Number of protein chains: 2
Amino acid sequence: MVTIGDVARVAGVSRSTASYALSGKRSISPEVREKVEEAVRSLGYTPNAGAKALATSQTKVIGLLARFLEDEFAPAMLQYILGVTNQARERGYDTLLLTDEDGVAALKRISNSRMVDGFILLNVAENDDRLDILRQAPQPGSLVGLPGDPTGIDAFDLDFVAAGRLMVETLHELGHRSLILVSQPEHVLERGGAYVWRLANAAEQRAAELGIELHHHFGSSSQPEIGRELEQLLDEHPSATGLLLNNEAAAAALPNVLHSRGLTAPADISVIGRYSDDFARTFSLPYSAIDSAADDLGRRAVERLISRIDGTVDAATTVVDLLAPRIDDRGSTAVPPSRH
Amino acid sequence: MVTIGDVARVAGVSRSTASYALSGKRSISPEVREKVEEAVRSLGYTPNAGAKALATSQTKVIGLLARFLEDEFAPAMLQYILGVTNQARERGYDTLLLTDEDGVAALKRISNSRMVDGFILLNVAENDDRLDILRQAPQPGSLVGLPGDPTGIDAFDLDFVAAGRLMVETLHELGHRSLILVSQPEHVLERGGAYVWRLANAAEQRAAELGIELHHHFGSSSQPEIGRELEQLLDEHPSATGLLLNNEAAAAALPNVLHSRGLTAPADISVIGRYSDDFARTFSLPYSAIDSAADDLGRRAVERLISRIDGTVDAATTVVDLLAPRIDDRGSTAVPPSRH
DNA sequence: CTGAAAGCGCTTACAG
DNA sequence: CTGAAAGCGCTTACAG
C-alpha cells in the first residue's frame with residue numbers, strides 16, 4: 001500500500017513535512033505544498049485509517065446503535081438511519097451500524113475498543129439500560145428519543161406533549177367536540193415507549209381543559225386486528241367526529257375501514273395522524289399528520305454529537321431538544337358534519 | 001485507557017505473553033493464561049481496534065455500500081441491511097454503513113484508507129460503475145444483485161428468470177389462460193434494474209411456450225397512479241384471470257382496486273406477487289408471493305465474503321448464487337372462475 | 001519553513 | 001514455555 005513515506009519520497013521532503021502539508025497544521029511553502037499534493041495525486045494516497053486513529057485518538061467514525069423492536073414499524077427506522085449517516089458524512093464522519101440484540105454489550109465493546117468517536121442511540125426508551133454505559137464511556141453520545149432521565153446526555157425528540165395538544169386543539173377550533181385517540185399498543189409503552197403516553201396524556205388533559213370528549217384506545221400494531229378495532233371504536237362512539245392516530249397500523253388500515261362504512265374524510269370525519277411523511281407517501285395516506293421528522297432528528301443529533309467531539313460546545317451543558325410538532329395538511333380536517 | 005501493557009503488568013508477564021495468551025497463537029501455561037485472563041477481567045481490557053488493525057492489517061469491519069434510488073421502495077432495503085449486519089456480527093465483524101450518493105467515491109475512499117476487510121454491495125445494477133473499482137481494490141467484495149458482468153466477484157440474487165417462469169407455470173397449471181404482468185417502472189430498468197426484464201422476459205417466454213396470453217405492463221411506483229393503471233389494465237383485459245405483480249406499489253394498491261370493482265381473490269382473480277415477506281406483513285397483503293429473501297441474500301453474501309477474507313475459499317473461483325424462488329402461499333390463487 | 005525522532009497500542013518473528 | 005525488540009503508518013512536540 002502507498003504510505004506517507006512514499007509521498008514524502010516522491011515529493012522529495014520528509015514524512016513530517018508531507019504530513020503537515022496535508023493537514024495544514026503548520027505553514028508550508030507553496031512550492032513544497034504543491035509537490036506534496038502532486039505526489040498524493042499521482043500515487044493515489046489515502047491515509048491509513050488505523051494508523052491515523054492510533055496516532056490521533058480520533059477515528060472519524062460514529063457508532064449508530066439501532067434498536068429493532070417487535071411490533072414497531074421497522075421501515076420507519078430507516079429514515080433515522082439515513083438522517084444520521086448522511087449528516088455524518090457531510091461532516092466528514094463515517095457510520096458504524098450496530099444492530100446487536102444486546103445494545104449494552106455492543107456499546108461496551110465498541111466504546112472500549114475505541115472504534116468510534118461518539119455514539120448515536122436510536123429508539124431510546126424511558127428507562128434505557130444503555131444510558132448508564134454511555135455516561136461512563138469516554139466517548140460522547142446523542143440520543144434520538146427522550147428517556148426519563150437524560151441527565152448528562154444530549155437528547156433529541158419530537159415534542160409529543162405539544163403534539164397531543166396540537167391534535168386536540170386543531171380539531172377543537174374547527175368545532176369538534178368528541179374525539180377518538182388511537183395509540184400504539186400498551187406493550188410499546190411497557191417496554192419504554194413513553195412518548196405514547198406523553199402524547200395521550202397531553203391530549204386528554206387538553207381535551208379536559210377545553211371541555212370536550214376524548215376516547216382513548218390502545219390499538220394493535222398489526223392487521224387485520226387494528227382494522228376491526230377501528231370499526232368497533234366507530235361503532236361505540238357514533239358521536240365522535242374526529243380521529244387522532246398515534247399508531248401507524250391504524251393509519252394504514254383506516255382507508256379501508258372508512259370506505260367500507262361509506263365514510264369520507266373530512267366530510268364525515270376529520271383525521272389527524274402522527275407518522276412520518278415517508279410513511280404517508282409509501283402508503284399514500286390522505287390524512288393530515290404530524291411528521292415524525294426522523295431525518296431531521298437524526299441530523300440534529302449528529303450535529304450536536306460532532307460539536308461535542310470537537311469540543312466546540314460547553315462540555316457541562318447538556319441539551320434536550322424537543323422539536324415543535326407541525327401538521328402536514330393533507331386536507332383531512334374540516335368542520336364537523338352538521339347533525340340533522 | 002487500559003492497554004495490553006497494563007494487562008501484562010497486572011498479570012506479571014511480558015506484553016507479548018499477554019498478547020499470545022489472548023490470541024492463543026502459541027501455547028501458554030495454564031497458570032499464566034489464568035493470570036492474564038484475570039487481569040483482563042479486572043481491568044476491563046479490550047484491544048484498541050486501530051492499533052490492532054495497524055499491526056494485523058485486519059479491521060474486522062466490512063463496508064456495506066447501500067444505494068438508495070428514487071422510486072424504489074426504500075424500506076425493503078432495510079431487510080438487506082439487517083441480514084448483512086446480523087450475519088457479520090455473528091461472524092465477529094462490524095459493519096460500516098455507506099450511504100454516500102457517490103458509491104464509486106465511497107468505495108475508493110474506504111478501500112484506500114483500509115477501514116474495512118471487504119465490501120458488500122447492495123442494489124447492484126446491470127452495469128454498475130462500482131464494480132470496476134471493486135475489482136481493483138485490495139479487499140474482496142460480494143454483490144447482492146446480479147450485474148451483467150459479474151466476472152471476478154461473487155454475486156447473490158434471487159433467480160428472477162425462474163421466478164418469472166414459476167409465476168406463469170403456477171397459474172397455467174390451475175387452468176388460467178390469460179394473465180397480466182405488472183412490472184416496475186421502465187426507468188428502474190433503465191438505470192440498471194435488469195431483474196425487471198429478466199423476470200418479464202422469462203414470464204413472456206414461458207407463456208408463449210405454454211400457449212397462453214400474457215399482457216405485460218410497466219407500472220408506476222407511486223400512488224394513486226398505479227391504482228388507476230391497474231383499473232385500466234383490468235378494463236382492457238376483461239378475460240384475464242391472473243395477475244402477476246413485480247411491483248410493490250401495485251401490490252399495495254391492489255386491495256382497494258379489487259374492492260372497488262367488487263372482486264375478490266382468488267374467487268374472481270388469482271394473484272401472485274413478488275415482494276418481501278416483510279413487505280407483505282407491513283401492508284397486510286393477502287396475496288401469495290415470491291419472497292425477495294433479502295435477509296437470506298444478505299447473509300449469504302456476508303458468509304462468502306468472510307470466507308474470502310479468511311482465505312478459506314479458492315481465490316480464483318467466483319460464484320453466482322441464484323436463489324430458487326419459492327411462493328409463500330397466502331391463498332390468492334385458485335382455478336379461474338368459470339365463465340357463463 | 002523543514003527534519004529526525006518519539007510515540008500511539010498492538011502483533012509477531014527472533015532468540016533463548 | 002517466555003521475553004525483548006522491531007514494525008505496522010501515522011502525528012506531533014522538539015530542535016534547528
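Note on naming: letters A, B, ... go to the chains in the order of the sequence lines (proteins, then strands), and numbering restarts at 1 for each one. Since the model is a prediction, treat every value here as computed from it, not as a measurement.
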Contact class for Ser29(A) vs. all strands (heavy atom < 4.0 Å): base, sugar-phosphate, or nothing? sugar-phosphate
Sidechain N-carboxylate O distance under 4.0 Å for Lys60(A), Asp94(A): no
Do the charged groups of Asp296(A) and Arg299(A) touch, with an N to O distance under 4.0 Å? no
For DNA chain D, consecutive-pair runs of 3 or more (Watson-Crick or G-U wobble, both H-bond-type distances under 3.5 Å) give C:1-3 with D:14-16, C:5-12 with D:5-12, C:14-16 with D:1-3
Please determine if a side-chain N or O atom of Lys52(A) lies less than 4.0 Å away from the OP1 or OP2 oxygen of dG9(D). no
Whole Å only: how far is the CG atom of Asn48(A) from the P atom of dC8(D)? 12 Å
Note: Arg41(A)-Glu38(A) ion pair, threshold 4.0 Å (strictly below): yes
Considering every strand and a 4.0 Å limit on heavy-atom distances, what is the contact class for Ser16(B): base, sugar-phosphate, or nothing? base
Calculate, to the nearest 0.5 Å, the distance between atoms CG and CG belonging to Asn123(B) and Asp128(B) respectively. 8.5 Å
Please determine if a side-chain N or O atom of Thr56(A) lies less than 4.0 Å away from the OP1 or OP2 oxygen of dT11(D). no
Nearest to the side chain of Ala55(B), which nucleotide is it out of dT2(C), dT2(D), dG7(D)? dG7(D)
Atom CD1 of Ile4(A) and atom C1' of dG7(C): how far apart are they, to the nearest Å? 16 Å
Please determine if a side-chain N or O atom of Tyr20(B) lies less than 4.0 Å away from the OP1 or OP2 oxygen of dC10(C). no
On DNA chain C, compare the nucleotides closest to Thr17(B) and Val32(A); which residue's is nearer the 5' end? Val32(A)
Is any NZ, NE, NH1 or NH2 atom of the basic residue among Glu303(A) and Arg91(A) found under 4.0 Å from an Asp or Glu carboxylate oxygen of the other? yes
Please determine which of Asp321(B), Val124(B), Val320(B) meets the side chain to side chain contact (heavy atoms under 4.5 Å, CB included) test together with Phe156(B). Asp321(B)
Please classify the nucleic acid contact of Ser19(B) as base, sugar-phosphate, or nothing, using heavy-atom distances under 4.0 Å. base
Taking atom C1' in both dG16(D) and dT12(D), what distance in whole Å separates the two? 16 Å
Closest to the side chain of Ser14(A), out of dA4(D), dC8(C), dA4(C), is dA4(C)
For the pair made of CG in Leu22(A) and C1' in dT12(D), what is the distance, rounded to whole Å? 14 Å
Could you tell me the separation between the OH atom of Tyr20(A) and the NZ atom of Lys25(A), rounded to the nearest 0.5 Å? 8.5 Å
Of the candidates dC14(D), dC10(D), dG3(D), the side chain of Arg26(A) sits closest to dC14(D)
For the side chain of Ala51(B), starting at C-beta, report the closest nucleotide among dT12(D), dC10(D), dC10(C). dC10(C)
Quick one: label Arg114(A) by what it contacts on the DNA or RNA (base, sugar-phosphate, nothing), any heavy atom closer than 4.0 Å. nothing
Result for 5'-nearest mapping on DNA chain C, choosing between Gly50(B) and Lys25(B), is Gly50(B)
